[in-house]
Each structure stands twice: as C-alpha cells, then as structure tokens.
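Note sheet for the following structure.
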Amino acid sequence: MIVGVLGGGQLGRMLALAGYPLGLKFRFLDAVRDVPAAPLGRRITAPFDDKDALTRFARGTDVVTYEFENVPVDSAAFAESFAPVFPPPKALATAQDRLSEKELFTRLGIPVPAYAPVSSPEDLAAAVERIGLPAVLKTRRFGYDGKGQWVLRTPEDVEGARLAAGGGTPLILEQFLPFDRELSIIAVRSRSGELAFYPLVENHHREGILRLSLAPAPHLSAAVTAEAESHARRLLEALDYVGVLTIEFFEYQGRLYANEMAPRVHNSGHWTIEGAETSQFENHLRAILDLPLGGTAVLGAAAMVNLIGALPDLGPCYAGRDVHVHLYDKKPRKGRKLGHLTVRAANPAELAERLAPVRALVEAAGG
C-alpha cells in the first residue's frame with residue numbers, strides 16, 4: 001500500500017520509519033527539495049497548490065495524510081478526488097484559524113481562556129477592555145513555536161500592539177492564564193471509530209518552543225485524565241476525525257483549558273517511539289488505514305528532550321542506558337528542531353536521575 005504525505009519534514013520522516021515495518025510505501029509532496037523525509041520515499045518537489053504535481057502525487061496512493069497543519073485546505077480537498085484524505089480537510093481548516101478553533105471548543109463545551117477577534121485598533125481596545133490584562137495577541141493563522149504572538153501586560157504594550165492590529169492581519173486576543181503547567185493529550189481515532197488515548201504529558205517550553213515532555217505527566221489525578229479524554233473524544237467525534245489529534249491544555253486551579261489542537265502527529269508525542277507500546281506514528285498509520293489500533297500505555301516512564309538550534313556532543317547519549325537519539329538531517333539554525341532524545345526508565349524517580357545529565361548536556365549546547 002502507498003501512503004501519500006503532504007509535507008516532507010521530520011514528522012513525515014518518522015511516519016515513514018514507522019510504516020516500513022508494516023509493509024507500507026511512501027510518497028511525499030513538498031515545496032522544498034532537501035527535506036528530512038527525502039530519503040524515505042518518492043519525492044515530488046512542487047508548491048502545494050500545483051494541481052499537476054498534486055495529481056502526480058495523489059494518483060495511485062491508497063490514502064493521503066499530511067504532516068503539518070499549514071497545508072492548503074484546497075490542496076488536501078483536491079487530493080480527495082484520487083484517494084481518501086485523513087485527517088479530514090475540515091479538521092485542517094478549523095485548526096488553521098485560531099478563532100474557528102476556539103469557537104469549536106466553545107460549542108463543544110471545552111473550556112478556553114476568554115478570547116475576542118481583532119481586526120483593527122478599535123477592536124483591540126474593546127477586546128482589552130472586556131478581557132483585561134495581561135493578555136496575548138496572536139495571529140489567527142500561521143503562528144507556531146511562539147511566532148506571531150505578543151504578550152500584553154501594560155497599557156504601553158497595548159499601544160505598541162496597535163500597529164499589528166491595524167496591519168490587516170486577522171488577530172485574536174486571548175486571556176493570559178497564570179497556569180500551573182502545560183499538558184497535552186495525544187488521541188487517535190480509526191476509520192471505523194475505534195478510539196485510543198495516550199497518557200497526558202507535561203510540557204516545558206522556552207522562547208515559545210517545546211524543550212521537554214514528561215510521560216506520564218507527574219501528579220496526575222484521575223479526574224484530570226478523564227476530563228482530557230472527554231474533551232478529546234468530543235472533538236474527534238464532532239470532526240468525524242481519523243488519525244492522531246493532539247490537544248494542548250493549560251492546567252489552572254485543577255481545571256483544563258484548551259489552548260490549541262494539532263490535526264497531526266505532534267512533537268509532544270515523540271517519546272512514544274521508544275516509550276509506549278505503540279508509537280503515535282504507527283497508530284496514525286493504523287488509524288488512516290483502518291487497522292486495529294495498538295496499545296498506548298507508557299513503558300514505565302519516558303521523557304522527550306528536543307535538540308534545538310545546535311547539536312551537543314551526543315557521545316554520552318549513545319552510551320547512556322535507555323537514551324535514544326533521533327536526528328532529522330537538518331542544518332543547524334537558531335530555533336530549529338534538529339532532533340530529539342528519548343529517555344526511558346522503569347519509574348519517574350529513575351527517569352529524573354537519568355534525565356538530569358542529558359538535559360545538562362543539551363542546555364550546555366544552547367538547546
């Protein structure tokens with residue numbers, strides 16, 4: 001069977017690595033020639049809106065998926081004339097607009113920080129009046145890893161953001177929650193409706209970029225886990241979703257508030273490659289091909305450490321017990337995700353002990 005992947009980044013690379021043991025073949029479409037997934041399947045280099053290239057890409061595939069959420073919705077819909085596309089393009093459309101996303105969460109009864117659309121300086125002033133400060137002003141589309149976001153704490157910050165509000169880019173103002181921690185859930189639904197959930201993970205960011213995920217999240221209550229799974233189930237069913245879906249939450253005063261969703265395999269789920277019974281990548285493929293889903297339990301305790309901007313001396317990592325290195329074949333650049341490390345242990349206490357020298361090594365390299 002041939003799986004077509006829109007996008008050839010590291011997520012596409014890891015999808016292919018998970019799929020080859022299942023006997024799958026892969027085809028990638030990306031506008032950039034030198035992409036991480038390039039060695040792992042047939043590659044078509046063209047813009048995503050090139051209909052001729054899309055036709056060559058999708059014709060003959062058994063299913064099409066995508067590995068990042070900024071694929072044009074029209075391109076995903078066009079590919080549907082040749083093969084099933086999962087997750088469905090309507091999920092892609094929703095996730096691409098932060099306002100549409102928040103409105104869907106609200107309709108489904110999923111708590112979110114207060115928000116308001118902003119399209120002018122007057123809208124910004126009214127939104128700040130209603131929501132208060134501090135708040136976060138975000139672009140509605142194309143922001144990621146902290147890009148396209150401004151934290152507003154003072155009236156002077158608001159005045160400084162008036163230029164962005166008057167620039168014609170659709171924006172959204174969101175209440176800034178003094179959250180206790182950031183959590184995410186990786187959920188998966190197959191074409192026949194089978195559901196599975198990975199344990200909630202705790203995420204640590206710096207400069208808007210994910211640095212560390214801990215699985216399972218420490219000190220989780222059964223109530224919080226049930227709440228996260230309930231929210232994910234409602235989203236999966238409302239969107240008639242197929243594949244892996246990630247929801248990022250703020251935990252605040254014992255309650256979860258949805259920040260955003262990602263209609264794809266996700267950075268906070270990379271630990272699953274060695275740390276879970278079945279990786280998120282294999283389960284995504286199982287879901288879109290309507291195979292039975294694999295187990296999602298953590299094998300003891302696990303952590304994922306991102307390698308950002310520059311690579312450390314990885315010698316100690318290769319020598320470390322239950323430390324696994326994943327490199328994406330990308331050139332170093334400030335803020336760029338070059339790879340990740342998975343650290344595994346029998347229990348959280350042992351994990352903390354093994355993780356400490358790994359984090360120190362990575363942080364010394366500026367990651």
Side-chain angles (χ1 to χ4, degrees), residues 110-113 145-146 176-188 196-233 244-262 265-280 283 295-308 317 320-324 326 337 340-363 367:
I110 300 171
V112 295
D145 284 349
F176 185 95
L177 283 182
F179 55 85
D180 301 309
R181 59 177 172 172
E182 297 179 69
L183 301 169
S184 63
I185 189 168
I186 309 287
V188 58
F197 304 98
Y198 289 89
L200 276 166
V201 300
E202 181 178 291
N203 298 315
H204 297 259
H205 294 76
R206 190 171 72 251
E207 299 173 339
I209 302 174
L210 179 64
R211 307 288 170 158
L212 170 71
S213 294
L214 299 174
H219 314 298
L220 268 181
S221 70
V224 167
T225 294
E227 183 183 1
E229 292 184 1
S230 174
H231 295 336
R233 182 178 291 106
V244 162
L245 174 75
T246 306
I247 311 173
E248 298 179 359
F249 294 107
F250 299 129
E251 185 179 23
Y252 176 59
Q253 296 182 342
R255 194 178 188 198
L256 295 180
Y257 292 80
N259 178 31
E260 61 185 26
M261 69 178 189
V265 288
H266 193 258
N267 195 183
S268 69
H270 290 358
W271 63 271
T272 62
I273 298 174
E274 288 87 19
E277 292 176 348
T278 311
S279 78
Q280 64 165 343
N283 258 338
T296 55
V298 185
L299 301 176
M304 186 280 302
V305 180
N306 268 333
L307 302 174
I308 308 293
C317 298
R321 182 180 174 192
D322 270 331
V323 178
H324 302 267
H326 297 263
K337 294 173 183 173
H340 73 270
L341 306 171
T342 306
V343 183
R344 205 173 58 180
N347 55 63
E350 185 178 306
L351 178 66
E353 187 176 307
R354 291 185 183 173
L355 184 58
V358 173
R359 291 191 69 189
L361 188 74
V362 172
E363 289 171 6

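Heads up: numbering here begins at 1 and tracks the sequence. Bear in mind the structure is a predicted one, so any value in this text is a computation, not a measurement.
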Would a 4.5 Å heavy-atom cut-off, applied to side chains only, mark [X] and [Y] as touching?
X    : Y    : result
S268 : T246 : yes
L212 : R359 : yes
L307 : K337 : no
Y252 : P178 : yes
I273 : H340 : yes
I185 : L245 : no
R211 : V305 : no
H266 : H270 : no

Between E251 and R255, is a salt bridge (Lys or Arg N to Asp or Glu O under 4.0 Å) present by the stated rule, with each step listed? CA-CA 6 Å; E251 185 179 23; R255 194 178 188 198; over 6 Å; no
Smallest separation among heavy atoms of [X] and [Y], with atom names:
X    : Y    : result
V244 : V265 : CG1-CA, 3.9 Å
T272 : Q280 : OG1-N, 2.9 Å
H231 : I110 : O-CD1, 3.7 Å
V224 : G254 : CG2-O, 4.1 Å
L183 : A217 : CD2-CB, 3.7 Å
A228 : F249 : CB-CE1, 4.0 Å

Would you say [Y] and [X] are linked by a side-chain donor-acceptor pair, where the criterion is simply a distance under 3.5 Å?
X    : Y    : answer
T342 : E274 : yes
E202 : H204 : yes
S184 : N203 : yes

Would R233 and F197 satisfy side chain to side chain contact (heavy atoms under 4.5 Å, CB included), going step by step from the backbone distance to the final call? CA-CA 9 Å; R233 182 178 291 106; F197 304 98; 3.5 Å; yes
Reported [atom1]-to-[atom2] distance for the pair [X] and [Y], which is rounded to 0.5 angstrom:
X    : Y    : atom1 : atom2 : answer
L355 : E350 : CG    : CD    : 12.0 Å
T296 : N283 : OG1   : CG    : 7.5 Å
L200 : L220 : CG    : CG    : 5.5 Å
L210 : I308 : CG    : CD1   : 7.5 Å
L177 : Y257 : CG    : OH    : 6.5 Å
E248 : L256 : CD    : CG    : 13.0 Å

Parallel, tilted or perpendicular: which fits the ring planes of Y198 and W271, with parallel below 30° and perpendicular above 60°? perpendicular
Would you sort out whether R354 and V323 count as a side chain to side chain contact (heavy atoms under 4.5 Å, CB included), showing the intermediate values? CA-CA 9 Å; R354 291 185 183 173; V323 178; 5.7 Å; no
Has N347 got a side-chain atom pairing as donor or acceptor with G300's backbone, closer than 3.5 angstrom? no
Side chain to side chain contact (heavy atoms under 4.5 Å, CB included) for M304 and V201? Distances and angles first, verdict last. CA-CA 10 Å; M304 186 280 302; V201 300; over 6 Å; no
